[in-house]
Amino acid sequence: SQQGEEDPQALSIQEGENATMNCSYKTSINNLQWYRQNSGRGLVHLILIRSNEREKHSGRLRVTLDTSKKSSSLLITASRAADTASYFCATDDNTDKLIFGTGTRLQVFP
Amino acid sequence: KAGVTQTPRYLIKTRGQQVTLSCSPISGHRSVSWYQQTPGQGLQFLFEYFSETQRNKGNFPGRFSGRQFSNSRSEMNVSTLELGDSALYLCASRASLAQETQYFGPGTRLLVL
């Protein structure tokens, strides 16, 4: 399967803590994107990092990319209960289709 | 702007039937992609349409087909439904092929009995 892998599969933390999720992928990429999905609904785009970038920030989100290891991480700082969702990485390998990872289910307890 | 809309939101069908799902992209968006999400296989790309032409197709059997209309609205059709087709079907749009970010609709949840 071309699908990327994410770990952990599930993560439970308290509000205010940081959450880190990791993504590994298999092919060369143009960019890597992170999406959030709330309870079986549509996906919301969070952040995009291009293959020539190593780190990117957006609000409480920090994404890193290591193309030599074919991996990325998403850090959510000072998490809130509203951050409870599934998080997916998706790679664009210049074939115009997104290859999604397996997802990390994040539960943030108040 | 209104977001991507999908109809119906929920659908129950029986094996052997066919189903048509509809997606209306964000106004001005010309590309529509479809994805299938299941607990076992995760999110998988079905196909992408741009200017009424299928540009890309995922690894799905011919029972899965789609089309795009001149107003960029898209439909996907699944014929001879199987139990394994039960899934959340997500549609995503983007303004052009140069835009990397895709905007997803809420999905259609299909249950095949």
Atom CD of residue position A:Q9 - does it have more than 12 heavy atoms of other residues, nucleotides or ligands inside 6.0 Å?
no
Below 4.5 Å from any heavy atom of chain A, which atoms of B:Q102 appear? Answer side chain, backbone, both or neither.
both
Is the closest side-chain donor-acceptor distance between B:E48 and B:S31 under 3.5 Å?
yes
In terms of heavy-atom pairs under 4.5 Å with chain B, the winner among A:N30, A:N31, A:D92 is A:N31
Can you tell me which portion of B:E100 sits under 4.5 Å from chain A's heavy atoms? Options are side chain, backbone, both or neither.
both
Cut-off 4.5 Å, heavy atoms of chain B, and the answer for A:L43 is both
Scan side-chain atoms only and decide if B:T38 and B:Q41 contain a donor-acceptor pair under the 3.5 Å cut-off.
no
Sub-3.5 Å donor-acceptor pair from the side chain of B:Y103 to the main-chain atoms of B:I26, do we have one?
no
Indicate the ring-plane relationship of B:Y35 and B:F104, choosing parallel, tilted or perpendicular according to the 30° and 60° boundaries.
tilted
B:R94 versus chain A, heavy atoms under 4.5 Å apart: side chain, backbone, both or neither?
side chain
